[in-house]
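Worksheet: the structure to be examined is printed underneath.
First the proteins, then the strands, lettered A, B, ... as listed; each starts at 1. Predicted model, so just to flag it, every value in this text is computed and none were measured.
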Number of protein chains: 2
Amino acid sequence: MTSLGEAEFALLDQSWHDAITPDAARRMLIAAAQAFADKGYHATTTRDIAARAGMSPAAVYIHYRSKEDLLFQISKIGHERSLKLLTAVQDPDPADRMAATVAAFASWHAEFRTTARVVQYELGALSPEHHAVVAELRRKIETHVRVIVEDGVKSGAFQVPDQNGAALAVLSLCIDVARWYRPDGKRTPREIGELYADLVLRMLRPLS
Amino acid sequence: MTSLGEAEFALLDQSWHDAITPDAARRMLIAAAQAFADKGYHATTTRDIAARAGMSPAAVYIHYRSKEDLLFQISKIGHERSLKLLTAVQDPDPADRMAATVAAFASWHAEFRTTARVVQYELGALSPEHHAVVAELRRKIETHVRVIVEDGVKSGAFQVPDQNGAALAVLSLCIDVARWYRPDGKRTPREIGELYADLVLRMLRPLS
DNA sequence: GTCTATAGCCCGATAGAC
DNA sequence: GTCTATCGGGCTATAGAC
């Protein structure tokens with residue numbers, strides 16, 4: 001494993017520390033998240049996951065029911081994390097709230113790109129029952145952003161012809177960071193958050 | 001097959017008519033594109049593809065070397081199509097050119113969502129040699145958009161703190177349409193193009 | 001060009017020892 | 001809780017008849 005891989009493991013291990021115990025279960029989940037993010041769920045074998053975690057293929061089934069169960073845990077907790085990120089922003093001014101929300105949401109998709117890619121691109125691999133759980137979390141995320149746009153339009157801070165369309169574009173912009181971001185790229189996650197907060201405020205600001 | 005599926009087939013058949021002959025090869029390629037877009041490359045079996053095309057599993061190998069070859073044809077021609085879409089816009093005014101470019105690029109990702117999803121989300125499944133061919137086309141697409149931003153900044157039509165960052169955001173916004181667009185959604189591809197052209201011009205316009 | 005049949009391989013998941 | 005060994009099945013691709 002490269003030192004970049006080790007750094008990423010340490011970051012993810014800290015990030016998942018509260019949610020998953022014991023250690024072996026967490027190691028397996030992080031291995032799965034990295035494999036799913038790299039190659040996609042269907043291209044990943046349970047043997048891949050076990051090898052990344054330094055265990056035998058059968059060890060996957062000690063802590064998880066199936067490969068899909070592993071995906072569900074990553075997706076569910078990942079969605080809960082990103083929703084919590086949004087609800088933590090409490091600024092009463094709509095423009096400030098939008099800027100802080102976009103900065104947090106976009107930079108999360110860069111910093112936790114591994115988790116974010118699983119969250120955003122592997123929905124279709126979930127079982128119908130598990131997909132329904134995650135879809136409910138996604139609705140909450142979408143509503144949260146739409147409300148900020150609506151508040152801004154009410155207060156006069158924003159002026160857009162299509163509020164739902166604008167909210168869709170804001171979410172889309174942040175989510176797509178998980179697709180193009182590379183850890184060795186020019187911009188840090190924080191810089192991406194700042195850049196995007198600025199671009200979104202320009203997009204929503206009233207025409208002068 | 002549903003009537004929606006038949007309508008989509010007719011659209012794609014027309015779209016691929018010039019590029020792929022004979023008919024059986026084109027039918028197979030369209031079947032593959034629909035399967036890859038629905039479930040992803042790795043989740044799609046050659047049996048799926050053949051069944052969608054109404055042929056036997058072995059028929060895939062009459063016109064294509066492998067499953068990956070089928071993916072490469074879709075990806076390469078899809079990238080060429082979307083690049084051609086951009087170079088067709090020739091307006092001398094940077095703001096008008098950007099608006100027309102974004103409208104065309106975003107609406108293509110909606111109307112040809114099936115092809116676009118393969119183009120944007122299955123790069124990792126290409127062989128290294130095939131990936132290199134497609135990566136060169138992607139660089140041309142990125143450069144094309146970056147030049148419009150630069151021209152607009154030079155002319156004073158645009159004012160942004162980070163030109164590369166702004167070009168990245170514009171491309172990202174259009175590409176992500178392929179992820180969220182649904183044919184039965186509220187907005188037509190044309191309406192999405194118009195919405196996005198407006199939002200992008202707001203984003204790039206000088207602060208007053 | 002298209003079919004049926006199948007070779008050869010690898011997958012997800014389980015059994016049972018320790 | 002982790003291992004080795006393996007089952008049953010589905011996969012990509014090919015062989016050979018028509």
Side-chain angles (χ1 to χ4, degrees), chain A residues 13 16-17 19-75 118 122 124-131, chain B residues 13 16-17 19-75 118 122 124-131:
Chain A
D13 192 56
W16 290 96
H17 188 82
I20 305 286
T21 53
D23 282 8
R26 186 169 60 256
R27 235 176 34 243
M28 199 66 82
L29 184 127
I30 292 170
Q34 289 179 324
F36 294 163
D38 276 2
K39 321 198 297 176
Y41 174 80
H42 289 290
T44 299
T45 66
T46 54
R47 285 164 173 82
D48 285 341
I49 296 167
R52 283 179 193 244
M55 299 180 85
S56 76
V60 170
Y61 299 91
I62 297 166
H63 300 288
Y64 301 94
R65 240 183 279 274
S66 65
K67 188 175 103 166
E68 193 272 344
D69 183 35
L70 218 23
L71 173 64
F72 176 56
Q73 299 304 327
I74 298 165
S75 186
V118 180
E122 302 297 347
L126 292 164
S127 73
E129 294 75 18
H130 288 163
H131 185 274
Chain B
D13 191 57
W16 290 96
H17 189 82
I20 306 285
T21 53
D23 282 7
R26 186 169 60 256
R27 233 173 38 239
M28 199 66 83
L29 185 128
I30 292 170
Q34 290 180 323
F36 294 163
D38 275 2
K39 321 198 297 176
Y41 174 80
H42 289 289
T44 299
T45 67
T46 53
R47 289 165 169 84
D48 286 341
I49 296 168
R52 283 180 194 244
M55 299 179 85
S56 77
V60 169
Y61 299 90
I62 297 168
H63 299 287
Y64 300 94
R65 242 185 277 276
S66 65
K67 187 174 107 168
E68 194 272 344
D69 183 35
L70 218 24
L71 173 65
F72 176 56
Q73 300 303 327
I74 298 165
S75 188
V118 180
E122 300 299 346
L126 291 165
S127 73
E129 295 76 18
H130 287 163
H131 185 272

What is the separation between atom NZ on A:Lys39 and atom C1' on C:dC11, rounded to the nearest whole Å? 13 Å
OP1 or OP2 of C:dG12 less than 4.0 angstrom from a side-chain nitrogen or oxygen of A:Thr46, does that happen here? yes
Check the distance between C:dA13's P and A:Met28's CE and give it to me in whole angstrom. 13 Å
Check every atom of C:dT2, C:dT4, C:dA13 against the side chain of B:Ala58 and return the nucleotide holding the closest atom. C:dT4
Could you tell me the separation between the NZ atom of A:Lys67 and the P atom of C:dC10, rounded to a whole number of Å? 16 Å
With heavy atoms under 4.0 Å as the rule, sort B:Ala59 into base, sugar-phosphate or nothing. sugar-phosphate
Indicate whether the side chain of A:Gln73 and that of A:Asp69 have a donor and an acceptor atom separated by less than 3.5 Å. yes
Which distance, rounded to the nearest 0.5 Å, do you find between the OG1 of A:Thr21 and the NE2 of A:His63? 10.0 Å
What heavy-atom pair brings B:Ala125 and B:His42 nearest, and what distance separates the two atoms? CB-NE2, 3.9 Å
Any donor and acceptor pair, going by atom type alone, linking the side chain of B:Lys67 with main-chain N or O of B:Ala32 inside 3.5 Å? no
Using a cut-off of strictly less than 4.0 Å, decide whether A:His63 has a side-chain nitrogen or oxygen near OP1 or OP2 of D:dT2. yes
Closest to side chain of B:Tyr61, choosing from C:dT2, D:dA13, D:dC3: D:dA13
When you get a sec, tell me which of D:dC3, D:dA15, D:dA13 is the closest nucleotide to the side chain of A:Ser56? D:dC3
Salt bridge B:Asp13-B:Arg27, side-chain N to carboxylate O under 4.0 Å: no
Where the side chain of A:Met55 is defined as all heavy atoms beyond and including C-beta, which of C:dA13, D:dA13, D:dC3 is the nearest nucleotide? D:dC3
With sugar-phosphate meaning primed atoms plus P, OP1 and OP2, does A:Thr45 contact a base, only sugar-phosphate, or nothing at under 4.0 Å between heavy atoms? sugar-phosphate
State which of D:dC3, D:dA13, C:dT2 makes the closest approach to the side chain of B:Ile62. C:dT2
Nearest-Å distance for atom pair CG/C1', residues A:Asp23 and D:dT2: 15 Å
Rounded to whole angstroms, how far apart are CZ on B:Arg26 and C1' on C:dG1? 16 Å
